[in-house]
Amino acid sequence: MAKNVTAADFTAEVLNSEKAVLVDFWAEWCRPCHMVAPILDEIGAEYADKIEIVKVNVDEQPQLAAEYQITGIPAMKVFKGGKIVAEMVGAKPKHALLEDLAGVL
Amino acid sequence: MREVIIIGSGPAGYTAAIYTARAGLKPLMIASSVEPGGELMKTTEVENFPGFPNGLMGPDLMNSMQEQAERFGTEILFDDVTEVDLEGDVKKVTTGNGETFEARAVILATGAAYRELGLPREKELSGHGVSWCATCDGFFFREKNIAVVGGGDSAMEEAMFLTRFATKVYLIHRRDSFKASKTMVDRVLANDKIEIIYNSAISEINGEAKVESVVLENTVTGEKSDLDIEGLFIAIGSDPRVGLVQGKLDLSDDHFIKVEGRSSKTSVTGVFACGDVIDPTYRQAITAAGSGCVAALDAEHYLTA
């Protein structure tokens with residue numbers, strides 16, 4: 001299971017991470033989020049040396065959702081060296097997510 | 001080899017699964033990896049499905065259908081079909097993770113996909129103010145001005161649902177009257193937060209990182225005007241999902257899978273189609289379910305003949 005990140009540890013866990021980090025912005029009531037979560041877990045496990053998957057609950061972390069201008073979920077943003085290097089919106093099948101992540105993995 | 005593979009998991013797919021499973025055909029359903037349950041998973045209250053006098057939630061209805069299909073032995077795979085080979089007595093179905101399944105019959109219940117406006121910035125701003133799912137994204141438009149475009153029941157439902165969050169919901173429609181049912185239109189007309197903009201089409205979506213405004217074009221006078229909004233929900237109908245079978249099955253002029261008369265028989269023997277992918281007219285949960293039943297009975301007849 002991907003780790004939950006909050007505003008308090010976002011800098012340490014995401015922005016200062018040496019590895020690429022995919023942040024999955026989600027909410028309990030979002031069905032597509034529940035569909036994509038296990039796919040992200042699989043990707044995280046298969047590419048553990050290249051990318052880490054973490055989750056931000058937008059209900060509990062509205063300031064992070066606002067800061068990253070989230071207007072639809074699931075929204076996935078990949079950070080590397082503190083910068084966003086890839087962005088995806090909406091639940092997608094694994095092969096489509098892997099294509100989107102090709103530059104990172 | 002299997003007897004029958006069902007592609008799709010909306011009301012048509014699940015009804016086909018329930019019937020073929022009860023007939024002992026041990027169906028394999030390939031339900032999609034991220035959209036199982038189909039369009040009803042994105043709706044809220046379903047009030048017109050017979051047998052539920054108090055209404056029920058779309059996702060609850062679909063979960064019940066899944067449970068009923070599994071009870072009789074349907075095997076469900078949460079993956080996407082990427083390729084089909086429908087010729088001959090053995091049909092082949094390949095999924096996203098590369099597995100190929102064989103069956104004597106295939107039932108296509110792939111439904112319909114949301115239609116896009118076809119405007120330049122639409123795709124880039126998807127997820128940045130442009131949305132096709134009010135129940136998924138409405139939450140992010142609390143105390144904002146937003147718009148819904150469309151004139152059918154789903155546009156009405158989206159507009160009503162979005163008033164929970166938004167300060168104001170504009171409902172933009174090309175004509176001066178709605179295709180939606182009277183019950184839904186009456187609710188929209190009675191809602192103070194909804195303002196209807198008739199005879200208008202969206203000709204541009206503007207905004208750098210996110211939606212800031214749209215340009216409306218009056219469909220009668222051709223006059224243009226700007227409307228400042230932060231969210232645009234598109235509910236202008238859907239198109240049959242026929243990508244998998246393009247060039248393999250006969251399609252109608254408007255791109256639905258062609259079936260023979262009142263049956264579910266496609267142009268290829270042993271391949272049946274049901275639900276929204278064959279229906280340009282009714283497209284209700286209950287008509288899709290009925291159509292799924294037809295496909296199951298046709299497939300059963302074919303397999304036991």
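Throughout, a chain's letter reflects where its sequence line sits, starting with A, and its residues are numbered from 1. Quick caveat, the model's predicted, so the values are computed rather than measured.
By the 4.5 Å heavy-atom criterion applied to side chains, B/Ser33 and A/Met35 are not counted as neighbours. Between A/Ile39 and B/Val34 there is a side-chain heavy-atom pair separated by less than 4.5 Å.
With respect to chain A, the highest number of heavy-atom pairs below 4.5 Å among B/Ser32, B/Pro59, B/Gly96 belongs to B/Pro59. Counting heavy-atom pairs under 4.5 Å between each of A/Gln69, A/His95, A/His34 and chain B puts A/Gln69 at the top. Across A/Val36, A/Ile73, A/Asp59, the residue that shares the most heavy-atom pairs under 4.5 angstrom with chain B is A/Ile73.
The side-chain contact (heavy atoms from CB on, under 4.5 Å) with A/Pro93 is formed by just one residue from the set B/Thr95, B/Asn97, B/Asp80; it is B/Asp80.
Considering OG1 of A/Thr71 and CD1 of B/Ile146, their distance stands at 11.5 Å, rounded to 0.5 Å. Atoms NE2 and CD, on B/His128 and A/Glu87 in that order, are 5.5 Å from each other to the nearest 0.5 Å.
Interface residue B/Ser126: only backbone heavy atoms are found under 4.5 Å from chain A. Of the two parts of A/Ile70, the backbone and the side chain both hold a non-hydrogen atom closer than 4.5 Å to a non-hydrogen atom of chain B.
Atom NZ of B/Lys193 has more than 12 neighbouring heavy atoms from other residues, nucleotides or ligands inside a 6.0 Å radius. Around atom CD of A/Glu18, no more than 12 heavy atoms belonging to other residues, nucleotides or ligands sit under 6.0 Å away. Heavy atoms from other residues, nucleotides or ligands lying under 6.0 Å from NZ of B/Lys248 number more than 12.
Taking every heavy atom of both residues into account, B/Phe139 and A/Val58 meet most closely at CE2-CG2, 4.0 Å.
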